[in-house]
J.: 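One structure coming up, written as structure tokens, with questions to follow.
Computed from heavy atoms alone, side chains included, the values below leave out hydrogens, waters and symmetry copies. Quick note on labels: first sequence line is chain A, next is B, and so on, each numbered from 1.
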Amino acid sequence: MLDIKLIREKPEFVKAALKKKGVDFDVDALVVFDEKRRKKIQQVDEARAEHNALSAGIAGAVGKEKERKIAASKNLKTALADAEFELKALDEEFLDIMYGIPNLPAEDVPQGKDESENKPIRTWGELPSFSFVPKDHMALGEALDIIDVERAAKVTGSRFNYLKAEAALLEFALVQFVMQALTNAETVRHIADGVERGYQQKPFIPVLPPVMIRPEMFRRMARLTSADKDERYYLQQDDMYLIGSAEHTLGSMHADEIISEEHFPLRYVGFSTSFRREAGSYGKDARGILRVHQFDKIELESFSLPEYSLKEHYFFIAVQEYIMQLLMLPYRVVLICTGDMGRPNARQVDIEAWMPGQNMYRETHTADYMTDYQARRLNTKVKRSNGAVEVVHTNDATAVAIGRTLIAILENYQQEDGSVRIPDAVKPFMGGITEIRRI
RNA sequence: GGUGGGGUGGCCGAGUGGUUGAAGGCGGCAGUCUUGAAAACUGCUAUACCUUAACGGGUAUCGUGAGUUCGAAUCUCACCCCCACCGCCA
């Protein structure tokens with residue numbers, strides 16, 4: 001949710017920003033509506049004040065005087081009830097409108113219609129060259145008997161998979177590798193210094209969050225809009241949703257809290273399974289495990305002071321690149337255009353790993369910069385050392401999406417005989433296994 | 001799933017219809033005292049919204065929502081959450 005004061009005070013700025021995002025929204029009508037609502041608030045408050053004053057006088061009154069005052073108070077109450085009813089309707093409509101407005105894009109976000117207008121901003125790593133025709137991850141995974149989608153289809157349906165043997169071990173190795181790195185003060189300092197010398201060096205707190213969430217919190221995370229709804233798994237009996245990312249239950253953990261300034265930034269690294277219905281993506285990426293209903297992911301979430309939040313966004317991207325570089329996976333960093341970014345985002349950067357089996361870059365990471373958009377609805381605030389209270393900023397980002405990273409590893413580390421080497425970074429967690437090979 | 005007990009400010013805790021946004025204590029902040037600190041003492045110490053150039057004024061909030069009443073933290077109903085025990089279970 002945007003700040004209504006910003007809309008009130010700088011309607012032209014908001015108009016321009018929304019236009020850039022390609023959103024057709026009548027800002028002037030909202031400003032008029034806001035005025036109407038405030039008039040009603042005044043009217044209701046004044047009537048209540050009068051009513052309160054009358055009531056206060058009743059306790060001390062006696063006899064006829066008391067009866068007269070009670071009658072007057074009753075009268076006023078009827079009028080008040082009408083005004084309150086009107087105000088309630090206005091409030092509901094107001095929130096409806098406010099929830100419908102997406103976040104405003106940051107200055108450097110390219111304007112564009114769809115993903116074709118995203119801007120690659122840098123690439124890292126040399127694309128591997130093979131003396132043979134590289135296979136895709138499914139061909140490799142099936143031949144090595146580490147990915148089984150056929151049996152998963154039998155048992156659960158399409159877009160599910162069994163990860164077996166070394167693939168299963170690789171998941172735990174990736175988790176260990178990332179968790180150890182991000183909870184290590186030295187490593188985090190190194191990454192933070194890369195963003196800017198001396199930038200906040202607080203390590204991450206590892207978290208295993210719930211994978212179910214209540215509708216109210218989902219909404220307040222701005223992750224249950226009408227557009228999102230089809231994408232979520234809903235448990236009717238319990239009125240709960242399965243999360244699509246650990247972000248959903250990490251970002252909502254501090255809802256309705258006021259946190260002292262000295263605790264920031266609050267950095268969490270969470271591991272969870274993610275559930276996505278992939279509605280409307282029939283046929284898209286049908287082969288393999290790139291697009292599935294259930295996958296595990298390590299997610300970064302940060303609550304930060306407004307003056308640091310953009311830097312925190314860069315820091316998250318630096319964390320992502322650090323991980324990809326240690327895994328020696330070639331990638332490119334893409335600045336997402338206004339038409340392709342998420343509604344709550346002010347800025348979004350994707351990292352796409354090179355996938356030789358498809359001969360193209362595919363998305364493995366996202367980093368979202370939300371400014372105060374999420375936190376305003378979540379009511380997560382900071383108390384400054386001078387006593388001032390303000391809404392915090394949030395950032396989230398993928399650390400490792402296990403399935404897609406597995407694809408990148410299989411395809412980049414494959415050898416002519418169909419075996420796959422294990423990246424050096426995760427070898428210490430593979431119990432002596434250095435390659436995946438079947439005779 | 002069953003039974004019982006609870007949800008009051010940063011924390012503990014009083015409060016069963018009338019200046020109660022809420023006693024008291026702890027914590028925090030400022031000051032007095034002190035060479036400094038501690039102790040002691042004094043004062044301050046919730047959030048949101050409306051209004052005001054500002055000082056200030058007003059409204060709402062005692063888990064949430066609805067209701068009774070001129071008036072609700074206090075009474076009624078529904079829901080949510082927490083705790084204990086039983087059942088089930090990794």
J.: Considering every strand and a 4.0 Å limit on heavy-atom distances, what is the contact class for A:Lys69: base, sugar-phosphate, or nothing?
T.: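 Counting heavy atoms under 4.0 Å across all strands, no contact is made by A:Lys69.
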J.: Reckon A:Val44 touches a base, only the sugar-phosphate, or nothing at all at heavy-atom distances under 4.0 Å?
T.: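 Result for A:Val44 = nothing.
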J.: Select from A:Arg214 and A:Arg38 the residue whose nearest nucleotide in RNA chain B is closer to the 5' end of that strand.
T.: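 Result of the comparison: A:Arg38.
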J.: For A:Gln42 and A:Ala71, find the nucleotide of RNA chain B closest to each by heavy atoms; which residue's nucleotide sits nearer the 5' end?
T.: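 Between the two, 5'-proximity favours A:Gln42.
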J.: Tell me whether A:Glu278 is salt-bridged to A:Arg276, with the criterion being a basic N under 4.0 Å from an acidic carboxylate O.
T.: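 A salt bridge is absent here (no side-chain N lies under 4.0 Å from a carboxylate O).
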J.: Describe the nucleic acid contact of A:Lys36 in one word from base, sugar-phosphate, nothing, applying a heavy-atom distance below 4.0 Å.
T.: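 The answer is nothing, as A:Lys36 stays clear of every strand by at least 4.0 Å.
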J.: Where the side chain of A:Val389 is concerned, which of B:C70, B:C49, B:A48 is the nearest nucleotide?
T.: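 Nearest nucleotide to the side chain: B:A48.
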J.: For A:Phe94 and B:A48, give me the distance from atom CZ to atom P, rounded to whole Å.
T.: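 My rounded result for the distance is 16 Å.
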J.: Categorize A:Ile58 for me: base, sugar-phosphate, or nothing, with a 4.0 angstrom heavy-atom threshold over every strand shown.
T.: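 Contact class for A:Ile58: base.
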J.: Using a heavy-atom cut-off of 4.0 Å across all strands, would you classify A:Arg8 as base, sugar-phosphate, or nothing?
T.: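 Sugar-phosphate only.
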J.: Tell me the interatomic distance from A:Asp45, atom CG, to B:U51, atom C1', rounded to whole angstroms.
T.: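 Answer to the nearest Å: 9 Å.
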J.: Contact class for A:Ser55 (heavy atom, under 4.0 Å): base, sugar-phosphate, or nothing?
T.: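 Base, at least one base heavy atom under 4.0 Å.
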J.: Is any side-chain N of the basic residue among A:Glu216 and A:Arg220 closer than 4.0 Å to the acidic one's carboxylate O?
T.: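 Judged by the 4.0 Å cut-off on N to carboxylate O distance, A:Glu216 and A:Arg220 do form a salt bridge.
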J.: I'd like to know whether the aromatic ring centres of A:Phe303 and A:His393 sit less than 6.0 Å apart in this structure.
T.: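 So the answer is no for these two rings.
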J.: Hey, does A:Lys383 reach any base, or is it just sugar-phosphate, or nothing, if we go heavy atoms under 4.0 Å?
T.: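 Sugar-phosphate contact only - A:Lys383 comes under 4.0 Å of backbone atoms but never of a base.
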J.: Between P on B:U51 and NZ on A:Lys5, what's the gap in Å once rounded to a whole number?
T.: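 After rounding, the gap between these two atoms is 10 Å.
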J.: I want to verify a distance call: between B:A48, B:U59, B:G18, whose nearest atom is closest to the A:Arg48 side chain?
T.: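 Per side-chain heavy atoms of A:Arg48, the pick is B:U59.
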J.: Roughly, in whole Å, what's the span from CG in A:Leu378 to P in B:A48?
T.: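 So the CG-P distance, A:Leu378 to B:A48, works out to 16 Å.
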J.: Taking 4.0 angstrom as the limit, do A:Asp108 and A:Arg347 come out as a salt bridge?
T.: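 Counted as a salt bridge, because a side-chain N and a carboxylate O are separated by less than 4.0 Å.
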J.: Determine the contact category for A:Asn379: base if any of its heavy atoms lies under 4.0 Å from a base atom, sugar-phosphate if only primed atoms, P, OP1 or OP2 are that close, otherwise nothing.
T.: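 Nothing: the residue A:Asn379, judged by heavy atoms under 4.0 Å, touches no strand.
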J.: Mind calculating the distance between CD (A:Glu261) and C1' (B:G28) to the nearest angstrom?
T.: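 A:Glu261 atom CD is separated from B:G28 atom C1' by 16 Å.
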J.: Just how far, in rounded Å, is C1' of B:G58 from CD of A:Glu50?
T.: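 Going from CD in A:Glu50 over to C1' in B:G58 covers 13 Å.
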J.: Between A:Phe275 and A:His248, is the ring centroid distance below 6.0 Å?
T.: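 Ring-ring flag for A:Phe275/A:His248: false, centres at least 6.0 Å apart.
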J.: How is A:Ile258 classified with respect to the nucleic acid when contacts are heavy atoms under 4.0 Å: base, sugar-phosphate, or nothing?
T.: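 A:Ile258: backbone/sugar contact only, no base atoms under 4.0 Å.
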J.: Students often get this wrong, so: under 4.0 angstrom with heavy atoms, is A:Ala49 touching a base, only sugar-phosphate, or nothing?
T.: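 Contact class for A:Ala49: sugar-phosphate only.
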J.: Rounded to the nearest angstrom, tell me the gap between atom CG in A:Leu95 and atom C1' in B:A48.
T.: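 Distance, rounded to whole Å: 13 Å.
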J.: Looking at the side chain of A:Lys66, which of B:A48, B:U59, B:G18 is the nearest nucleotide?
T.: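 Per side-chain heavy atoms of A:Lys66, the pick is B:G18.
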J.: Would you call A:Arg68 and A:Glu65 a salt bridge, using N to O less than 4.0 angstrom?
T.: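 Yes, charged N to carboxylate O under 4.0 Å.
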